[in-house]
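Worksheet for the structure shown next.
Quick note: numbers below take in every heavy atom, side chains included, and nothing from hydrogens, waters or symmetry partners. Just so it is clear: chains get the letters A, B, ... in the order the sequence lines come, proteins before strands, and each one is counted from 1.
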Amino acid sequence: MTATMERPLLELRDVAKVFRLASGEVTAVENISLSLEAGELVALVGPSGSGKTTLLNIIGSLDRPTHGDVCLQGERIDTLSEERLVRFRREKFSYIFQDARPLRMLNVLENTLLPFNFFKPRNRNGKLREEGIEIVRSLGLGHRLYHMPNQLSGGEIQRVAIARALITRPLVILADEPTANLDRENRLFVIKTFRNLTREKNLTIIFSTHDLEMAGIADRVLHLQDGALVKVEKGDCCPCPSN
Amino acid sequence: MDLLRIAIKDLVRRQGRSLYLFIAVMIPVAILSTILLTLDNADTTLSTLASKFGFTLSVQPKNVKQERIDQVGVVLGETLDEGLIEEIREKVLMYIEDEGETLIISPRLYEKASISKAAREIPSLVAGLDFDSERKARPSWALSDGRWSDFRQDEAVAGGTFARVNGLSPDDSVVIEGRTIRVTGILENYNSSEDHMMFIGLDKARELFHKDGQVSLINVQSVALDRNQDLMKKVVEELNTGIPNIKAISPQQFTTLKFVLLKKTFRFLLAIVLATIIVSVFSIFNIVTTALYSRVREIGLLKSVGASRRQLLLIFVYEYLLVGFVAGTSGFFTGMGCTWALDKFLLKLGSSIAWNPSYLVAAVATGMLCSLSASYYPTYKLAGIKITESFRSQWEV
């Protein structure tokens with residue numbers, strides 16, 4: 001009998017991050033090991049300074065760990081050169097930031113298609129624009145395609161960020177407090193969109209939040225405290241809020 | 001959409017900052033253009049002046065006393081033998097290679113005479129000249145009225161001032177030394193001694209004034225000598241030492257000296273322009289640095305969607321090159337305007353501003369170079385910022 005070991009999509013092994021400051025060393029992430037599967041929605045929760053953003057940055061290859069390994073599809077990414085990382089990030093990751101203001105000189109569709117000014121995706125000749133329009137429409141911004149960012153509400157701006165994250169068809173989306181500046185209705189829209197994307201497109205989405213209600217919608221909730229992973233809860237621990 | 005279009009859109013959106021940058025680049029370019037165009041203008045003016053003197057060098061009798069030189073600088077009384085013409089040609093050709101048609105030797109005979117016109121006596125200066133060689137040497141000579149004379153006939157051309165003062169016009173007849181001469185044309189004014197003369201054929205002048213085989217002055221025109229002042233000085237020296245009883249002088253030397261002085265002055269001004277450009281580069285550096293730090297988050301966003309450092313750098317380089325291009329072009333045309341105003345109200349050189357594409361190219365290149373050299377370093381540094389750092393930045397406008 002042969003046992004087939006299925007590889008996790010993302011794997012962190014004993015990852016730590018220490019910032020060396022003039023005042024001394026600060027441990028932002030302390031020996032965290034975890035695995036993430038494709039199609040999983042994961043929430044990182046914890047108080048300010050607990051290491052959520054640092055952990056997200058390490059997972060998304062925006063920062064290198066001081067110690068430990070980070071692997072995507074079995075390949076170590078924490079040791080890649082900066083040049084290779086740029087190419088790697090383009091293909092595998094998308095990011096949504098808390099303050100994800102789009103470029104002010106571009107309209108909604110241009111902002112959505114922004115990544116393609118820097119690289120052309122393989123096997124996707126033409127139709128990028130149509131795909132962009134489709135994604136924007138699916139996020140309820142069909143009537144805002146050619147509007148400029150200063151004509152959009154906070155919730156709409158965050159949807160543009162989601163559209164921009166989706167257009168490159170990444171494996172993983174990392175969202176750092178994507179709902180922080182939104183009202184409840186828009187928070188729910190964003191998280192439910194994440195929920196649907198993971199289920200329908202088999203995307204892996206990791207987001208950080210202070211909002212336990214929103215975190216409850218995730219498959220897994222990782223609780224961080226002083227850089228350490230203190231608790232892992234199965235998702236849907238909170239009743240899924242109705243819209 | 002590509003990187004250039006992103007750059008253009010960004011410039012348009014940041015109109016205020018783009019305007020500051022534009023002004024910082026345009027001012028030194030405008031100053032540079034003004035200096036270059038004014039220098040060009042002065043060059044043209046002096047060249048015109050030089051051509052008014054007409055000849056590269058003149059040979060006159062050696063011992064002409066001051067009182068023998070007329071107030072307009074014309075040798076009177078003393079004469080040279082026309083046999084010297086060939087001797088002078090040989091000496092000049094020792095220093096210049098085969099010049100073919102471009103070496104022109106033109107003798108003149110000057111005499112004071114009283115000209116009668118309708119029973120009125122007009123004291124005048126008559127120049128007898130070899131009309132063919134004179135016109136070859138003086139292509140800029142033109143008539144303001146009438147036609148050129150046939151100098152073998154009893155015909156004359158009057159200098160512009162002379163004709164105006166004495167009321168002469170084409171087809172008037174005057175009497176010189178008892179011979180009736182018809183005025184056929186009036187020369188344009190050249191602000192030179194020739195404006196005050198009457199011109200008749202050399203042979204006719206010798207006949208009227210009984211100066212057979214004699215000339216007052218032998219003018220030499222040589223392009224090679226005009227271009228090489230050192231060589232000209234050697235030829236003048238050779239003539240003065242090699243031929244007795246003559247005095248060779250270069251009427252253009254004075255103009256050349258003025259020109260050299262002017263050039264030195266402009267070199268000094270160019271040094272000031274260079275200093276202005278350096279100061280401007282520092283101003284641009286400050287403007288760019290401030291502008292870039294207000295775009296740290298934008299840089300982070302662009303990097304997060306896949307922009308490499310090189311691509312980011314390229315966007316900024318496009319932006320600053322575009323500003324440099326527009327400011328350089330505008331600076332050139334502003335410089336043209338300043339040159340016109342400077343000439344009109346201060347220098348009064350009088351020459352029209354010549355359209356010189358190479359100056360436009362120089363102005364645009366200076367603008368682009370200023371803009372790029374001042375912005376490259378801060379841009380390069382900032383394009384290397386980490387995405388995580390860019391979102392932590394407090395800079396925002």
**Report entry** Cation-pi geometry met for B:R295 and B:F316 (6.0 Å, 45°)
**Finding:** no

**Report entry** Atom group of B:I315 that falls short of 4.5 Å from chain A, counting heavy atoms
**Finding:** side chain

**Report entry** Inter-chain contacts: residues 57-64 of chain A against chain B, heavy atoms under 4.5 Å
**Finding:** A:N57, A:L62, A:D63

Report task. Provide the closest heavy-atom pair for A:F88 versus A:E75 in the form atom of the first, atom of the second, distance. Result -> CE1-OE1, 3.8 Å

Requested in this report: May I ask you to decide if the ring planes of B:W340 and B:F345 are parallel, tilted or perpendicular, using 30° and 60° as cut-offs?
Outcome: perpendicular

Query raised in the report: Any side-chain donor-acceptor pair under 3.5 Å between A:T27 and A:E30?
Result: no

Query raised in the report: Got A:S208 and A:V45 here, is their nearest side-chain heavy-atom distance under 4.5 Å?
Result: no

Report task. Test the A:K120-A:F116 pair against the cation-pi criterion, namely NZ or CZ under 6.0 angstrom from the six-membered ring centroid and within 45° of the ring axis. Result -> no

